[in-house]
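To keep things clear, I will list the structure first and then write my remarks on it.
Note that ligands are numbered from 1 as they come in the structure, with each ligand's atoms numbered from 1 the same way.
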Amino acid sequence: MISTKCLLTAGVLLVGIVGMNRGSQAEETASLKKVFKDDFLVGTALGTRQIAGREAGALELAAKQFNSITPENCLKWAEVHPEADEYDFEASDEFVEWGEANGMFIVGHTLVWHNQTPPWAFAGVDGKPLDRETALARIKTHIDTVVGRYKGRIHGWDVVNEAINDQGKLRTGPVGTWPNRGEPWHAAIGDDYIEQAFRMAHAADPEAELYYNDFNEWYPAKIKAISELVTGLKAKGVRIDGIGLQGHWGLDYPTLEEIDTMFTEYGKLGVKLMITELDVSCLPAPDSETGADITRIVSAGPGQNPFPNGLPPEKQEELAARYAAIFQLFEKHRDKIERVTFWGVHDGQSWRNNWPVPGRSDYPLLFDRKMQPKSAFEAVIGTATSE
Ligand code: G3I
């Protein structure tokens with residue numbers, strides 16, 4: 001007969017094995033930054049609440065999974081320089097300090113943009129339209145102050161954001177709202193405002209990498225225009241290190257062929273390519289529009305918010321397959337791709353919940369609202385070629 005002693009010993013052993021297994025399972029959640037370490041950096045956008053440590057678990061997850069960070073909002077002109085003689089560096093200081101403490105490649109987003117820029121910056125003197133000299137002086141003061149403050153600490157800057165429209169033309173004119181989005185900096189300064197901004201950013205921190213960032217980056221007209229912009233700057237000896245391809249995509253757009261072509265074409269320019277704001281919406285698009293203009297707001301039609309209480313398993317698998325296919329293309333072009341940054345840590349944080357239709361429940365990232373890995377996470381990990 002088996003003695004109690006034996007049973008107990010067996011029991012203890014069993015608990016031990018289970019415990020160990022459970023321990024190692026928890027410890028074994030893979031890490032995006034580790035599995036892609038030989039291919040490209042993997043980053044995330046941190047919101048101001050997260051940076052302040054006011055969202056339990058977000059920074060821990062970010063430190064575990066990512067080796068690059070971008071501020072979702074706290075370094076934008078309206079947030080960091082709300083008045084001509086007023087700067088607010090509280091959140092951005094915390095952002096950079098946390099990044100340094102966690103060995104992150106720190107990205108600054110964004111210096112010159114028609115959006116999230118306070119009205120005073122675009123206002124002319126004495127009620128007149130903004131003139132070239134005043135506009136250049138304001139951009140210079142802004143860049144000297146913001147880039148100067150983080151000199152040698154922020155490793156790369158999105159210097160100019162979303163300057164080119166879907167027809168491949170430089171935006172110009174008053175800010176406006178979608179679909180008539182203008183660019184007051186161009187209206188005041190002219191075609192060379194981008195060149196001037198890159199020269200100013202380089203002067204403010206000669207070590208920092210400098211990028212041009214945009215959405216709808218796979219549109220042929222934008223590939224042509226952005227390629228001409230980069231080639232033109234390089235021809236003038238203006239430092240530009242890379243192109244930010246935002247990556248605000250869906251389950252069925254852009255096609256894999258369009259993404260493949262995009263990397264091949266931009267890969268000819270001899271600059272770094274970064275996916276800078278990746279998210280893949282799981283929701284029905286209200287129309288054929290793509291892009292990321294925050295002022296494009298569409299009212300909710302029937303069936304526009306199909307998954308208010310969670311993404312069904314078949315949709316989870318559709319998202320996982322989509323992300324796997326996308327990352328297989330990133331792996332194919334890993335010789336050109338420097339970084340892949342997700343536009344948020346988890347689904348609950350994503351701007352896609354309120355765009356273009358406010359108040360929906362979307363699931364565009366790899367971690368759910370409880371910050372647990374989704375099957376899309378496992379699928380992405382599975383595409384990594386380097387062990
Ligand atoms: O900070 C103000 C706060 O003071 C005010 O009380 C509150 C209520 O209106 O608004 C807060 O500003 C919000 C800001 O996020 C900070 O939370 C703005 O309303 C809101 O529009 C802004 O949304 C951001 C959006 O850019 C603005 O364009 C999103 O979080 C951010 O994810 C999104 O990111 C952009 C990239 O920078 C560039 N590419 C496209 C991408 C998506 O639009």
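In this structure, atom 38 (C) of ligand 1 has a protein heavy-atom contact shorter than 4.0 Å. Remark: atom 20 (C) of ligand 1 lies closer than 4.0 Å to no protein heavy atom. Using a 4.0 Å threshold on non-hydrogen atoms, atom 14 (C) of ligand 1 counts as touching the protein. Atom 29 (C) of ligand 1 is flagged as protein-proximal [any protein heavy atom, distance under 4.0 Å]. At a distance under 4.0 Å, a protein heavy atom can be found next to atom 24 (C) of ligand 1. Within a 4.0 Å radius of atom 41 (C) of ligand 1, the protein contributes at least one heavy atom.
For atom 34 (O) of ligand 1, the closest heavy atom belonging to the protein is W343 NE1, 3.2 Å. Scanning the protein for heavy atoms near atom 11 (C) of ligand 1, the closest one is E79 OE2, 4.5 Å.
Here D93 does not pair with R153 in a salt bridge; the nearest charged N to carboxylate O distance is not below 4.0 Å. Salt-bridge check for K76 with E79: failed, with every basic side-chain N at 4.0 Å or more from each acidic carboxylate O.
Using a 4.0 Å heavy-atom cutoff, W113 is listed among the residues neighbouring ligand 1.
Considering backbone and side-chain atoms alike, I294 places every N or O at 3.5 Å or more from each N or O of ligand 1. Looking at W351 next to ligand 1, no N or O pair under 3.5 Å apart turns up.
Using modelled atom types and a 3.5 Å distance limit, the side chains of W120 and E83 yield no donor-acceptor pair. With 3.5 Å as the limit, one finds no donor-acceptor pair spanning the side chains of Q246 and N216. A donor-acceptor contact closer than 3.5 angstrom links the side chains of T134 and D131. Judged purely by distance below 3.5 Å, without hydrogens or angles, the side chains of D191 and Y193 never pair a donor atom with an acceptor atom.
For F215, no heavy-atom contact with ligand 1 is shorter than 4.0 Å. If you look at N161 next to ligand 1, the close heavy atoms, those under 4.0 Å, all belong to the side chain.
Using cut-offs of 30° and 60° for the angle between ring planes, the H81 and W77 rings count as parallel.
For residues 89-108, the set of pairs meeting the ring pair (Phe, Tyr, Trp, His ring centres under 6.0 Å) definition, not counting sequence neighbours, comprises Y87-F89, F105-H155.
Checked options F367, Y363, F342; the residue passing with F377 is F367 (criterion: ring-ring contact (aromatic ring centres under 6.0 Å, His included)).
Taking every non-hydrogen atom of H248 and a distance limit under 4.0 Å, the qualifying atoms of ligand 1 come out as 40 (C), 41 (C). Close approach of ligand 1 to Q246 (heavy-atom distance below 4.0 Å) involves ligand atoms 39 (N), 40 (C).
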Carefully, step by step, assess V147 and I154 under the rule side chain to side chain contact (heavy atoms under 4.5 Å, CB included). CA-CA 8 Å; V147 175; I154 287 187; over 6 Å; no
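Of the listed residues (K76, Q116, R49), the one carrying the non-hydrogen atom nearest atom 35 (C) of ligand 1 is K76.
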